[in-house]
Each structure stands twice: as C-alpha cells, then as structure tokens.
**Q** 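Structure below; questions to follow.
Order of appearance sets the numbers: ligands from 1, and atoms from 1 within every ligand.
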Amino acid sequence: MASTPSSPASGYRGRLAPSPTGYLHVGHARTFWTAFQHAREAGGTLVMRMEDLDPDRSRSAYAEAAIEDLRWLGIRWQEGPDKGGPFAPYLQSKRRSLYLAAWRRLLRRGCLFACRCSRKDLETALSAPHERVQTGRGGGKFDTLDDEPIYPGTCRHLLGHAPQLPGPTVSDVESPGGSNWRFRVPDGQVIEFVDRNLGPQRLVAGVDFGDFLVWRRDGVASYQLACVVDDAAMRITEVVRGADLLKSTARQMLLNRALGFDNPAWYHCRLVVDHNGRRLAKRHDALSLRALRQRGLTPMNILSAELPIEE
Ligand SMILES: [Zn+2]
C-alpha cells in the first residue's frame, strides 16, 4: 500500500510502545525510526506509550533511558508520558481501570474462562509424548510474547462457558480475582490480514496460537488486552512494530472483534539478528543504544549500518 500523502490535517496516528524491561537495542532503533518516518510522512501524530505493565520486570530507569535514547536518535513524538496529551495517561501502569472495563465486557460476552493451570501444569501438558512441543526461538524458552505455548484446553469448560446466555454466574463476577483468564480462541478459525510490509498473512487459531492470557493471576492485564484497549482508546491508525509480534496481531484482531474495535493497519518490521542469526534480545548488551553511543557511534551510523535481517 502506498503511504499517505503529506497533509497537515492528516488523521494518521502512530505509536512508539517500548517496554521498560531493559535497554533499547539497534533492532528497536530501526523499528521506532520506521514508525517515526511513517507518522512524519503522513503529517500525522506520533504517540509514545510506555508499556510498563509488568511490575516484576519494568523499571522506571529503563523507561527514562528509552525516552532519552529515542530522543538521541532524533525521534520526536507529540503525545506521551513526558508531554501529556488528550489520551493521558500514557503509562500502561496507570490505565488499569480501562483494562478492567474491557475484561468485564469480554467476560459478559462469553469470550473468557478462568484458568487454574499452574505454569508447571502447562509445561507437563506440553511435554506429554503425543503433544507437539513448541520450541521457542530463543532455544526452548517461552520468554517472548509470540512464543506463548499453545494452551492445552484444560480449563475451557470452567466459568464463562455457554457464552450466549450471560447468566447470573457470569454477571456476578466483577473482578478477575486471583485467576488467570484466557480468551477462548475459536479452533480452526483462520485469521488473515495484509501486512503493509510483509504482505498477506494467514494464521490458524489452535495451530499457530491457542487460548491466550487476557488477565494474569497477579492482577495485571495481559500485554494483548492492554495493547488493543490502548490502541483503540488512543485512536491509533497504524501499528508499526517488530515481526516478532505477528502472532500477537492475530490474537489482537480477535480481541478487537470481540470488543467492537476497528483494526488499525499493521506494518511489521523484519528483525535484526546477530551474527549467529539469533534475534536480538536484552542479552545483547553490546548492541544496546547506550553501549553503541558510548563507543562513539552516531544515530546516522546506527540507522544506516548494514545489519543482518531475519528472513
Ligand atoms: Zn487452565
């Protein structure tokens, strides 16, 4: 698709959504730069949203570092935690009431069930001899969002079943309590979309991804839920992010449909890999923007360097 011609009255709204769980690396720089360029070329608005939902892993020092590193790169945004704006707050940790309202709507619509499985239960189910074992790209660990293992369906029959008739059981529940809550994915349903960078995508529910977390037992909304609620509330028209989130896009399209939200356009950037072909992660401290800057590299060096890209 062609990019939107420049216009001062553009309705384009893009976003930068860093997670403050480590320092940004060159891969983030590429993706965020692309998001910045799209907003600028469209004459639109760029929103900075800090995805600091995870209380165990998020650090305010990383949030400050992300803002500083992006500014150093030359990226500018019009709304954000440092600037305010019409859709404040721009910190996900301050937006819990919105996520809770969406959780309630999903529950009323019969999309959710409470999941009592422990992490150990899931690992046992997934390592059973006849189950397909999902190996995370990082070498067998499910540490990235798209590598959430396919849920074996153990608790699907619990609260939230018979969704067409929201009976007293469901409407009595006002809060997620101390449970994990999952979105019931329609098995076999095909999710298709045309990515503005990678072209047509096709994902099959129950094969490429399973019943996914919407709310965590530690009282925090899942990444998937927070992301769709915020993209809708902040009127984001195009999501530019890394290709590691392609499966999350399928999940988020299901959430958008269930919540009555329009999908934004999707643009997934190919990922920068290291010399062994592995995706960059927080372990690649040497490729963090901080480290490169300390070694004397300029933003131009970083943005124009020829780097290996995942096919
Ligand atoms: Zn379960």
**Q** Are Asp69 and Arg293 ion-paired here, with the side-chain N under 4.0 Å from a carboxylate O?
**A** yes
**Q** Does a salt bridge link Arg279 with Asp244, judged by any charged N lying under 4.0 Å from a carboxylate O?
**A** no
**Q** Would you call the rings of His268 and Phe193 parallel, tilted or perpendicular, where under 30° means parallel and over 60° means perpendicular?
**A** tilted
**Q** For residues Leu107 and Leu112, report the shortest heavy-atom separation together with the two atoms involved.
**A** N-CD1, 3.8 Å
**Q** Would Arg30 and Glu306 pass as an ion pair if we require N to O under 4.0 Å?
**A** no
**Q** Given Ile191, which partner from the list Gln201, Arg251, Met253 fulfils the side-chain contact (heavy atoms from CB on, under 4.5 Å) test?
**A** Met253
**Q** Distances under 2.8 Å only: what protein N/O/S atoms are near the Zn ion (ligand 1), ordered by chain and residue?
**A** Cys115 SG, Cys117 SG, Tyr151 OH, Cys155 SG
